[in-house]
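One structure below.
Note that the structure is predicted; figures quoted are calculated from it, not measured.
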Amino acid sequence: MNRAIGSKANLKDLSNPDVVEFRSYIEDIWNSDTVKRLDKFEQHHKTSRLQHSLNVSYYSFKIAKKIGANPRMAARAGLLHDLYWYDWHTKKTPQLHAFLHPRLAVKNASRLSEISDREADAILKHMWPLYPGIPKYKESYAVTLADKYAATLEVATQWSKTIGRASGRTARNSFTRFKSVFRK
């Protein structure tokens, strides 16, 4: 656990009160073998599902603090929102991936740890507006926003490596205003 993509915060820096708080919320599930298995799967353009989940968890935590949601619930739901073990790029599923994986993630998360109704709603609705049903809680919106933001950063970061430094600067600059709200 070094950092969320796009964040300046070193998640190993125990002198940073935000980092200490964030880690206290997720450390138990972060260290589980169940969650660590996510590192074997690619999520968005060469970003592992484990890294993606960490990104979503951290940004959910930051957003929750800004909007008055429960940062613990948001961080935990963010870490568990994609808790499933198949390659969605290649595996045929009985339903579209966007509709199947949130339900699998809730089921798997509840096996791993006790989850609240707010955490379950955040995991289940993180694909909104694709997934049916409007998020019920602020934590759900925090995870939904963080998931979109993290996916965008992950793809932009990989594209910048592929296309070159000039494109990377352009991609990073386009996120500067939004990121400045959550960086600390």
side-chain contact (heavy atoms from CB on, under 4.5 Å) partner of Arg72, the single match among Glu119, Glu139, Glu21: Glu119

Any Lys/Arg nitrogen of Asp28 or Arg76 sitting under 4.0 Å from an Asp/Glu carboxylate oxygen of the other? yes

Mind listing the closest non-hydrogen atom pair of Ala122 and Ser140 along with its distance? N-OG, 3.3 Å

What I want to find out is whether Lys65 reaches Asp18 closely enough, with some N-O distance under 4.0 Å, to be called a salt bridge. yes

In terms of hydrophobic clustering (I, L, V, M, F, W, Y; side-chain heavy atoms under 4.5 Å; direct or indirect links), are Tyr137 and Leu80 co-clustered? no

Answer yes or no: does atom NZ of Lys136 have more than 12 heavy-atom neighbours from other residues, nucleotides or ligands under 6.0 Å? no

Using the rule that Ile, Leu, Val, Met, Phe, Trp and Tyr join whenever any side-chain heavy atoms are under 4.5 Å apart, tell me whether Val56 and Leu112 fall into a single cluster. no

Do you know the tightest heavy-atom contact between Ile63 and Leu145? CD1-CB, 4.0 Å

On a heavy-atom basis, the closest approach of His126 and Pro102 is CE1-CG, 4.1 Å

CG on Asp117 to CE on Met73, rounded to 0.5 Å: 9.0 Å

Under 3.5 Å: donor-acceptor pair, side chain of Ser57, backbone of Ala75: yes

Please tell me whether Leu50 and Leu54 are part of a single hydrophobic cluster in this structure, the criterion being side-chain heavy atoms less than 4.5 Å apart. yes

Heavy-atom donor-acceptor pair, Gln51 side chain to Arg3 backbone, under 3.5 Å: yes

Should the ring pair Phe22 and Tyr58 be called parallel, tilted or perpendicular, given that the plane angle runs from 0 to 90° and is split at 30 and 60? perpendicular

Indicate, with yes or no, if Leu83 and Tyr25 share a hydrophobic cluster defined by side-chain heavy-atom contacts under 4.5 Å among Ile, Leu, Val, Met, Phe, Trp and Tyr. yes

Any side-chain heavy atom of His52 sitting closer than 4.5 Å to one from Leu38? no

Just wondering, are more than 12 heavy atoms of other shown residues or ligands nearer than 6.0 Å to CD1 in Ile134? no

Scanning both residues in full, the closest heavy-atom pair of Trp128 with Thr144 reads O-CG2, 3.6 Å

The test is side-chain contact (heavy atoms from CB on, under 4.5 Å); show your working for Lys107 and Arg103 and say whether it passes. CA-CA 6 Å; Lys107 184 177 174 181; Arg103 287 190 312 242; over 6 Å; no

Calculate, to the nearest 0.5 Å, the distance between atoms CD1 and OG belonging to Ile26 and Ser53 respectively. 10.0 Å

Take Lys12 and Arg23, measure what side-chain contact (heavy atoms from CB on, under 4.5 Å) needs, and give me the verdict at the end. CA-CA 9 Å; Lys12 291 186 177 184; Arg23 288 180 64 131; 4.1 Å; yes

Specify the closest pair of heavy atoms between Tyr84 and Asn108, including all atoms of both residues, with the distance to one decimal. CA-ND2, 3.9 Å

How long is the straight-line distance from CG of Leu79 back to OG of Ser60, given to the nearest 0.5 Å? 9.5 Å

Minimum heavy-atom separation for Tyr59 and Gly6, please, with both atom names. OH-C, 3.2 Å

Pair Asn70, Arg118 - check side-chain contact (heavy atoms from CB on, under 4.5 Å), show working. CA-CA 9 Å; Asn70 183 311; Arg118 288 175 184 262; 5.7 Å; no

Assigning hydrophobic clusters by single linkage (Ile, Leu, Val, Met, Phe, Trp, Tyr; side-chain heavy-atom cutoff under 4.5 Å), is Val106 placed with Val143? no

